[in-house]
Each structure stands twice: as structure tokens, then as C-alpha cells.
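This report concerns only the one structure given below.
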Amino acid sequence: MNVGQVIRERRLAKNMTQKELAEQVQITQPMLCQIERGTKTPTVLLAWEIAKALGFELNDYASQEA
């Protein structure tokens, strides 16, 4: 599972739309869509902001990939 898939699963579990999450972390919805599809990779800072907004830790990205 890649970073985008982890974000998408966590976002859906929180019943959030892409628009809601994007607004919360101050990026555009198309950018979030690209991250979730795996065509863009978030910076570490953005990955941290997204994780914080969804209520998990950065190291949870790695544990989901195992």
C-alpha cells in the first residue's frame, strides 16, 4: 500500500471528502487527488499535516506499507 492509498483509506474512514481534507491542509482538491492516486508524492511536511488532520502519525504510513 502506498502513501496515497493510506491517505485515501484514512480519509474515507473519517467520512471526509477530498475537498474537506484539502481545505484543512491548505492544498487544492486536484493535488490531493493526485497524491491519493500516486501520481504525486507529498513532501514530508505535507504528509505530516495530512496525517495530523486524519488523526494518525507519520510512522503509520510505513506500518501500512509492510
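Please read these numbers as outputs of a predicted model, since none were measured by experiment.
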Measure the spacing between [atom1] of [X] and [atom2] of [Y] and express it to the nearest 0.5 Å.
X   : Y   : atom1 : atom2 : result
M16 : L32 : CE    : CG    : 9.0 Å
I7  : L12 : CD1   : CG    : 11.5 Å
K14 : E9  : NZ    : CD    : 14.5 Å
M31 : T39 : CE    : OG1   : 9.0 Å

Under 4.5 Å between any side-chain heavy atoms of [X] and [Y], yes or no?
X   : Y   : value
L21 : I27 : no
I50 : V3  : no
C33 : Q29 : yes

So which pairs with a foot in residues 40-52 pass side-chain hydrogen bond (donor to acceptor under 3.5 Å, both in side chains), sequence neighbours left out?
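Applying side-chain hydrogen bond (donor to acceptor under 3.5 Å, both in side chains) to every pair that reaches into residues 40-52, excluding sequence neighbours, yields nothing.
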
Self-check item: Partner set under side chain to side chain donor-acceptor pair (under 3.5 Å) for R8, not counting sequence neighbours
Solution: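 R8 satisfies side chain to side chain donor-acceptor pair (under 3.5 Å) with no residue once adjacent residues are dropped.
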
With sequence neighbours excluded, tell me which residues meet side chain to side chain donor-acceptor pair (under 3.5 Å) with E36.
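Checked E36 against side chain to side chain donor-acceptor pair (under 3.5 Å); matches are R11, Q18.
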
TODO: Would you confirm whether Q5, through its side chain, and N2, through its main-chain N or O, come within 3.5 Å as a donor-acceptor pair?
DONE: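 Such a contact is found between Q5 side chain and N2 backbone.
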
